[in-house]
Amino acid sequence: MSTAAVLRSEWIKIRTLRGTAWSLLAVFLLTAGFAVAANAATGDSETHSADFDPLFSVFLGLNLGQIAAISFGTMAMSSEYQGGAIRASLTVVPNRGLFYAAKLANVAGLALAMGLVTTFVSFLGGSAFLGDAALSLGDGDALRACLGGAVYLALMALFAAGLTAVLRSGLAVLSILIPFILIVSMVLGETSGSLADYLPDRAGQQVLYMDPPSDLAPLAGLGVTALWTGAAVVAGWWSLRQRDA
């Protein structure tokens, strides 16, 4: 099969999978919905606080939205390991590298597209309640955060997909990543100091701040997340190439 045909077939698979569309929609609803609700509830009452960041305040919901992005990447890849589907896929596309790349390209493209819609709506919706403290979209930090936040969501989806290719179990991946991000990463951040800033979630989220709380610059933090994602993707490729279907 040609590259275009493989990309199209993987697009059809992901589009027709039960749950993937809902997980992508959840990225939007959780991120933008929480940002609007939280800022509508507090208004500009928090803007005078010394530690208030007008940029990160409109992206508070991304902590929840990233869970949906991880679920999307996990489901897109784990479907191949249910009921022996991977054997049929590799029979049709014996080039495992092409098959894997096409799968990841679809995951990244869909997550990035939804991420862009999500971050811009989150920024505009949340900023509407910040009064004079709100940033404009023309501000360099705001545009960087919107674009970087979308890239971050796509990276987390790819990170989950790569890890799923290694473990071959969506349940195992979700059981590891979700508690890690919601609990372990937070605890480590309180106890391990700057070392925790290099975890994939904490590093990538520096791009959402006007004044990042860690020593990592915003784009450098996103680069750290990209390295974690690259390692997971390469490990997934190695696993797919070396292990029997």
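- The existence of a salt bridge linking Glu80 and Arg168 is excluded, since no basic side-chain nitrogen approaches an acidic carboxylate oxygen closer than 4.0 Å.
- Counting only heavy atoms from C-beta outward, the side chains of Phe99 and Val92 never approach each other to under 4.5 Å.
- Tyr100 is listed as a side-chain neighbour of Val233, based on a closest heavy-atom distance under 4.5 Å.
- Here the straight-line distance linking atom CG of Leu98 with atom CG of Leu7 works out to 7.5 Å at 0.5 Å rounding.
- One distance of note links CG of Asn95 with OG1 of Thr3; it measures 8.5 Å at 0.5 Å rounding.
- At a cut-off of 3.5 Å, with distance as the only test, a side-chain donor of Ser89 or Lys13 sits close to an acceptor on the other residue.
- Side-chain contact annotation: Asn63 with Gln205, donor-acceptor N/O pair under 3.5 Å present.
- When every heavy atom of Ile181 is checked against every heavy atom of Gln66, the shortest pair comes out as CG2-NE2, 3.2 Å.
- When side chains are defined from C-beta on, Ser71 counts as touching Leu174, because their heavy atoms get closer than 4.5 Å.
- Inter-residue side-chain proximity for Phe180 and Asp201 is flagged as met; some heavy-atom pair is nearer than 4.5 Å.
- Using modelled atom types, no side-chain atom of Asp197 and backbone atom of Leu216 make a donor-acceptor pair closer than 3.5 Å.
- Ala113 pairs by the side-chain contact (heavy atoms from CB on, under 4.5 Å) definition with nothing, not counting sequence neighbours.
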Next item on the list: Start with the C-alpha distance between Leu147 and Phe120, add both sets of side-chain angles, then the distance that settles side-chain contact (heavy atoms from CB on, under 4.5 Å), and finish with yes or no.
Entry: CA-CA 8 Å; Leu147 296 175; Phe120 277 96; 4.2 Å; yes
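- Considering OG of Ser239 and CG of Leu167, their distance stands at 8.5 Å, rounded to 0.5 Å.
- Side-chain contact between Leu110 and Phe72: present, with at least one pair of heavy atoms (C-beta onward) separated by less than 4.5 Å.
- Rounding to the nearest 0.5 angstrom, the gap separating the CG atom in Leu62 from the OH atom in Tyr152 is 6.5 Å.
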Margin query: Please determine whether side-chain contact (heavy atoms from CB on, under 4.5 Å) holds for the pair Met75 and Leu17, giving the CA-CA distance in whole Å, both sets of side-chain angles, and the decisive distance to 0.1 Å.
Written below: CA-CA 8 Å; Met75 284 189 286; Leu17 276 175; 5.6 Å; no
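- Considering every non-hydrogen atom in both Leu153 and Ala111, the closest pair reads O-CB, 4.5 Å.
- Considering only heavy atoms from C-beta on, Met156 comes within 4.5 Å of Thr225 through its side chain.
- Under a 3.5 Å cut-off, the side chain of Ser122 and the backbone N or O of Val58 do form a donor-acceptor pair.
- Closest approach of Gly149 and Leu208 over heavy atoms only: CA-CD2, 3.8 Å.
- Residues Ala161 and Met77 approach most closely at O-CG, 3.5 Å, considering heavy atoms.
- Aromatic ring orientation, Phe159 versus Trp228: perpendicular (interplanar angle above 60°, classes split at 30° and 60°).
- Side-chain atoms of Ser9 come within 3.5 Å of backbone atoms of Val6 as a donor-acceptor pair (strictly under, hydrogens ignored).
- A donor-acceptor pair is defined here as one N or O able to donate and one able to accept, closer than 3.5 Å; no such pair exists between the side chain of Arg96 and the backbone of Leu90.
- Formation of a donor-acceptor pair under 3.5 Å by the Ser57 side chain with backbone atoms of Pro54 is found in this model.
- When the side chains of ILVMFWY residues are joined at heavy-atom separations under 4.5 Å, either directly or via intervening members, Trp238 and Leu227 end up in two distinct hydrophobic clusters.
- Taking the side chain as every heavy atom from C-beta outward, Leu155 and Leu222 approach each other to under 4.5 Å.
- Remark: Asn106 pairs with no residue by the side-chain hydrogen bond (donor to acceptor under 3.5 Å, both in side chains) rule, at least two apart or across chains.
- The shortest distance between side-chain heavy atoms of Phe59 and Cys146 falls below 4.5 Å.
- Summarising the geometry of Gly115 relative to Ala150, their closest heavy-atom pair is C-CB, 3.4 Å, with the distance given to 0.1 Å.
- For Ala217 against Gln206, the heavy-atom pair with the smallest separation is O-CB, 4.4 Å.
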Next item on the list: Check the pair Leu137 / Phe123 against side-chain contact (heavy atoms from CB on, under 4.5 Å), numbers first and verdict last.
Entry: CA-CA 8 Å; Leu137 193 55; Phe123 175 81; 3.7 Å; yes
